Amino acid sequence: MSALLDSLAATFCGSGTRRDVLDAALRDGLPGPRSEAWKYTSLRQLERRSFAAAPLAPPALDVALLDDIPSPRLVFVNGRLHDGLSNTHGLPAGVQLEPLSAALAADEAGARVLARRYERADEIFARLNAALADEGVVLRVDEGVQVDVPLQLVFASVATGSDLAWHHRSLIELRAGASLGIVEHHLQAGDGAHLDNSVVHVHLAREAVLKHARLQAGSTRQTSFLRTDAVLARDAQYHRVDLELGAALSRHELNVRLEGDNAQLTANGVLLGTGRRHVDTRLGIEHIARDTRCELLWRGVAANRSRVVFHGGIHIREGADGTDANLSNKNLLLSADAEIDTQPTLVIDAEEVKAAHGATVGQLDANALFYLRSRGLPQEQAQALLSAAFCHEPLKILPDALREQLGRRLDRALSEAGVA
């Protein structure tokens, strides 16, 4: 067994079904390069590392990190809820919000959040999460409730004397006709080399609307594994934007099942590779019902010696007639030592559908550069303007205030990386 799995197993203190889940995951071990889902993302270096369990008490956090994050908000520091920095006042009646630890202690509802199991060997981190998760967010919005103010979920990483691991499992459930906005912030304070392994379940009932933005800006030494599994009922709408701007190794798997007629998904994202970062994103979109729609717009940038990996999978199942599915993945390769691997896939088992997918990898447009240079801009400034415009395109679906807030974060990351 690897040092990684040994150290994670040592943090387990439960029994029963979760012990069985952990043992099964340990028997299968980490996936290797022959695993199709992992062939572009090597775990060799990670498997030699060890992580301790995060202490139950969160460490102190510089409140300046939260200056531009308003309430209502829940704040977690090194995997643990920080009551002093959290503030959920202002949420309307009909919104139930609590940390997973409180739900587990209170009733069986919390246990149901952990009920889903994962069987495939390549789902190793979701399987470890099923065994080890002890914190997260349980959020339910009652039928017809419209929440006007976005909920902010903050997950901060603070450097400590040892490398820590935490495992979050969260549930976001909107009942019929409900609407909500969520902003996730994965931030750093210091240069910690922690492991964040999280799974999020999203359940949208009939005519529910969820607007979801996620900013991942972890430490340049951090490892982040996130899996989002979403199910959409009839006429539900799920709109999300993901910004992958930090961490040494980050991997996000977004799986969405459009199970109800006329369900709609918009999922955009920006993948920024700088230094020696490895950024991996996998989409698995299943159109199951009739007249469903997905729009997927992703932009990738790789500079220095980084590697950006993107897999965009769309499956239109038999009977999903009337589906309209579109995927665009464009990438900028800014260094000869950087690498981009993109793999759009489209499987159609239905009739009477509209579907398109495409991917490109290239450099900045020479004509656009020449135009800006001819207007008196220096070469570096012209490159920066074009790179920023390229990366900002996926943010256009966000409301104005949120687009400006996340746009500033994106511009800061591009500037720090020397891209803009």
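What you are looking at is a predicted structure, and each value in this text was computed from that prediction instead of being measured.
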Cationic N near anionic O, under 4.0 Å, [X] to [Y]:
X: Arg19; Y: Asp23; answer: yes
X: Glu173; Y: Arg175; answer: yes
X: Glu36; Y: Lys39; answer: yes
X: Asp229; Y: Arg116; answer: yes

Kindly give the heavy-atom pair with the smallest separation between [X] and [Y], and that separation in Å.
X: His357; Y: Pro344; answer: CD2-CB, 3.5 Å
X: Gly29; Y: Leu5; answer: CA-CD1, 3.8 Å
X: Tyr238; Y: Ala230; answer: CE2-CB, 3.8 Å
X: Thr342; Y: Ala359; answer: OG1-CB, 3.5 Å
X: Ala263; Y: Leu232; answer: CB-CB, 3.9 Å
X: Ile340; Y: Ala302; answer: CG1-CB, 3.6 Å

- Task: Classify the side-chain pair His212/Glu184 by whether it contains a donor and acceptor separated by less than 3.5 Å.
- Result: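 Yes, Glu184 and His212 have a side-chain donor paired with an acceptor closer than 3.5 Å.
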Counting only N and O atoms by type, is there a donor-acceptor contact under 3.5 Å from the side chain of [X] to the main-chain atoms of [Y]?
X: Ser7; Y: Leu4; value: yes
X: Glu98; Y: Leu139; value: no
X: Arg117; Y: Leu114; value: yes
X: Ser335; Y: Asn304; value: yes
X: Arg73; Y: Gln152; value: no
X: His168; Y: Gly79; value: yes
X: Asp349; Y: Glu318; value: no
X: Ser170; Y: Val137; value: yes
X: Asn87; Y: His89; value: yes
X: Trp298; Y: Gly312; value: no

I want to check something: taking the side chain as every heavy atom from C-beta on, are [X] and [Y] in contact at a cut-off of under 4.5 Å?
X: Val77; Y: Pro59; result: yes
X: Leu296; Y: Ile285; result: yes
X: Asp411; Y: His392; result: yes
X: Val113; Y: Leu100; result: yes

Please list every donor-acceptor pair under 3.5 Å in which a side-chain atom of residues 195-203 meets a protein atom from a residue at least two apart or in another chain.
residue, atom, partner, partner atom, Å
Asp196, OD1, Trp166, NE1, 3.4
Asp196, OD1, Ser198, OG, 2.8
Asn197, ND2, Phe125, O, 3.0
Asn197, ND2, His167, ND1, 3.2
His201, NE2, Arg169, NH1, 3.2

Check residues 241-252 and write down every donor-acceptor pair under 3.5 Å in which the side-chain atom is one partner and the other belongs to a residue at least two apart or another chain.
residue, atom, partner, partner atom, Å
Asp242, OD1, Arg214, NE, 2.7
Asp242, OD1, Arg214, NH2, 3.2
Asp242, OD1, Arg240, NH2, 2.7
Asp242, OD2, Arg240, NE, 2.8
Asp242, OD2, Arg240, NH2, 3.3
Glu244, OE1, Gln216, NE2, 3.0
Glu244, OE2, Arg214, NH2, 2.4
Arg251, NE, Glu253, OE2, 3.2
Arg251, NH1, Ala37, O, 3.2
Arg251, NH1, Asp280, OD2, 2.6
Arg251, NH2, Ala37, O, 3.0
His252, ND1, Arg214, NH2, 3.3
His252, NE2, Thr228, OG1, 3.1

- Message: Going by salt bridge (charged side-chain N to carboxylate O under 4.0 Å, His left out), name the pairs with one or both residues in residues 333-345, residues two or more places apart or in two chains.
- Response: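 Pairs touching residues 333-345 that pass the test: Arg307-Glu339, Arg307-Asp341.
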- Item | All pairs passing salt bridge (charged side-chain N to carboxylate O under 4.0 Å, His left out) where residues 58-71 contributes a residue, at least two apart |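 For residues 58-71, and leaving out neighbouring residues, the salt bridge (charged side-chain N to carboxylate O under 4.0 Å, His left out) pairs sorted by first residue read Asp68-Arg409.
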- What do the steps show when you test Leu171 against Arg140 for side-chain contact (heavy atoms from CB on, under 4.5 Å), and what is the final call? CA-CA 8 Å; Leu171 171 67; Arg140 293 183 172 91; 3.5 Å; yes
The criterion is salt bridge (Lys or Arg N to Asp or Glu O under 4.0 Å); which residues satisfy it with [X], sequence neighbours excluded?
X: Asp134; answer: Arg80
X: Glu123; answer: Arg120, Arg227
X: Arg49; answer: Asp163
X: Arg305; answer: none

- Item | Under the side chain to side chain contact (heavy atoms under 4.5 Å, CB included) test, residues paired with Ser86 that sit two or more places apart |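 In terms of side chain to side chain contact (heavy atoms under 4.5 Å, CB included), with neighbours along the sequence ignored, Ser86 is linked to Leu74, Val75, Leu81.
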- What residues form a side chain to side chain contact (heavy atoms under 4.5 Å, CB included) with Thr220, not counting sequence neighbours?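 Scan of Thr220 (side chain to side chain contact (heavy atoms under 4.5 Å, CB included), adjacent residues dropped) gives Asp191.
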- Message: With a sphere of 6.0 Å drawn around CD of Gln96, does it hold more than 12 non-hydrogen atoms of other residues, nucleotides or ligands?
- Response: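 Atom CD in Gln96 is packed in, count exceeds 12.
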- Could you give all pairs that pass the ring pair (Phe, Tyr, Trp, His ring centres under 6.0 Å) test and reach residues 265-294, with sequence neighbours left out?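 Checked against ring pair (Phe, Tyr, Trp, His ring centres under 6.0 Å) - neighbours excluded - no pair reaches residues 265-294.
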- Query: For the atom pair CD1 (Ile316) and CD1 (Ile348), what is the distance rounded to the nearest 0.5 Å?
  - Reply: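 It is 4.5 Å, given to the nearest 0.5 Å.
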- Could you grab the distance from atom CZ of Arg18 to atom CG of Leu132, nearest 0.5 Å is fine?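 Spacing of CZ (Arg18) from CG (Leu132) equals 7.0 Å.
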Which pairs would a plain distance check flag for residues 154-162, meaning a side-chain donor or acceptor within less than 3.5 Å of a matching protein atom at least two apart in sequence or in another chain?
residue, atom, partner, partner atom, Å
Ser157, OG, Gln222, OE1, 3.2
Thr160, OG1, Ser162, N, 3.4
Thr160, OG1, Ser162, O, 2.7

- Item | side-chain contact (heavy atoms from CB on, under 4.5 Å) evaluation trace for Leu46 with Phe51 | CA-CA 10 Å; Leu46 181 63; Phe51 297 89; 4.0 Å; yes
- Task: Please step through side-chain contact (heavy atoms from CB on, under 4.5 Å) for the pair Asp122 and Ile124, ending with a clear verdict.
- Result: CA-CA 5 Å; Asp122 62 15; Ile124 179 62; over 6 Å; no
- Message: Run the side-chain contact (heavy atoms from CB on, under 4.5 Å) test on Ser179 and Gln237 for me, step by step, so that the C-alpha distance in whole Å, both residues' side-chain angles and the decisive distance to 0.1 Å come before the verdict.
- Response: CA-CA 9 Å; Ser179 70; Gln237 298 182 35; over 6 Å; no
- Going through the checks in order, is the salt bridge (Lys or Arg N to Asp or Glu O under 4.0 Å) test met by Arg293 and Glu295? CA-CA 7 Å; Arg293 177 182 176 87; Glu295 289 285 342; 2.9 Å; yes
